[in-house]
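Data first, discussion second: the structure below is written as structure tokens.
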Amino acid sequence: MKLIVSTHQGVLYNEEVEYIVVHNADGEFAILKEHVPVIAVLDEGYVKMVKNATEYFVAITNGILEFHDNVASLLAQEAHIGKDKEEAKQRLVDFRKERLNENRKEQVDFTQKEKELREHLRNSKAGHL
């Protein structure tokens, strides 16, 4: 079966696997080749993928999993792969912290630019005859 993991940044994983185990707030369930079609909503959780007796984990935030015709498609807001679930979750946490810091910096930059624009408008006496 094929597993495709995508985020808004692009495809994170697109390969054949033997089976997957999905873990979310409701518990765990496995999907093997020729499984009946499934759709599952995943708030926070992970997907264990097994390929050639090797396990990898994808930690996800806000996703949806669809399985049909031996293709499992996972679309997530955020996802990161690790050799074990702790590594995958830590990569996800680190990524979220980095993004939060970038957003804060951008907000500070935006606030500073807005302040400069107001000052330039005031100095240019725009709108005054």
- Minimum heavy-atom distance between Ala88 and Gly82, given as atom pair plus value: CB-N, 3.6 Å
- Partner residues of Gln90 under the side-chain hydrogen bond (donor to acceptor under 3.5 Å, both in side chains) criterion, sequence neighbours left out: Asp94
- For the residue pair Leu32 and Met1, what are the closest heavy atoms and their distance? C-SD, 3.8 Å
- Query: Where do Ile31 and Tyr19 come nearest, in terms of heavy atoms and distance?
  - Reply: O-CB, 3.3 Å
- Task: Applying side-chain contact (heavy atoms from CB on, under 4.5 Å), name anything that partners Ala79, two or more places apart in sequence or on another chain.
- Result: Val5, Thr7, Leu12, Val58, Ile60, Ala76
- Query: In the hydrophobic clustering (ILVMFWY, side-chain contacts below 4.5 Å, transitive), which residues join Val93, or is it alone?
  - Reply: none
- CD1 on Ile20 to CG on Leu3, rounded to 0.5 Å: 5.5 Å
- Using the test side-chain hydrogen bond (donor to acceptor under 3.5 Å, both in side chains), find all partners of Glu114 that sit at least two apart in sequence or belong to another chain. Arg118
- Task: For Glu116, enumerate each residue passing the side-chain hydrogen bond (donor to acceptor under 3.5 Å, both in side chains) test, keeping only those at least two apart in sequence or located in another chain.
- Result: Gln112
- Query: Is Ile39 linked to Leu75 within one hydrophobic cluster, defined over Ile, Leu, Val, Met, Phe, Trp and Tyr using a side-chain heavy-atom separation of less than 4.5 Å?
  - Reply: yes
Under 3.5 Å, side-chain donor or acceptor atoms of residues 43-52 against the rest of the protein: list the pairs with distances, not counting sequence neighbours.
{"from": "Tyr46", "atom 1": "OH", "to": "Glu28", "atom 2": "OE2", "distance (Å)": "3.1"}
{"from": "Tyr46", "atom 1": "OH", "to": "Lys85", "atom 2": "NZ", "distance (Å)": "3.3"}
{"from": "Lys51", "atom 1": "NZ", "to": "Glu15", "atom 2": "OE1", "distance (Å)": "2.6"}

List, one per line, each side-chain donor-acceptor pair under 3.5 Å for residues 62-74, sequence neighbours excluded.
{"from": "Asn62", "atom 1": "ND2", "to": "Gln77", "atom 2": "OE1", "distance (Å)": "2.6"}
{"from": "Asn70", "atom 1": "OD1", "to": "Glu34", "atom 2": "N", "distance (Å)": "2.6"}
{"from": "Asn70", "atom 1": "ND2", "to": "Glu34", "atom 2": "OE2", "distance (Å)": "2.9"}

- Message: Assigning hydrophobic clusters by single linkage (Ile, Leu, Val, Met, Phe, Trp, Tyr; side-chain heavy-atom cutoff under 4.5 Å), is Ile81 placed with Val17?
- Response: yes
- Message: Suppose we screen for side-chain contact (heavy atoms from CB on, under 4.5 Å). Which residues come up paired with Glu87, at least two apart in sequence or across chains?
- Response: Lys83, Asp84, Arg91
- Is it the case that one hydrophobic cluster holds both Phe57 and Val21, taking links as side-chain heavy atoms less than 4.5 Å apart, direct or via other members? no
- Going hydrophobic residue to hydrophobic residue with side-chain gaps under 4.5 angstrom, can you get from Phe29 over to Tyr56? yes
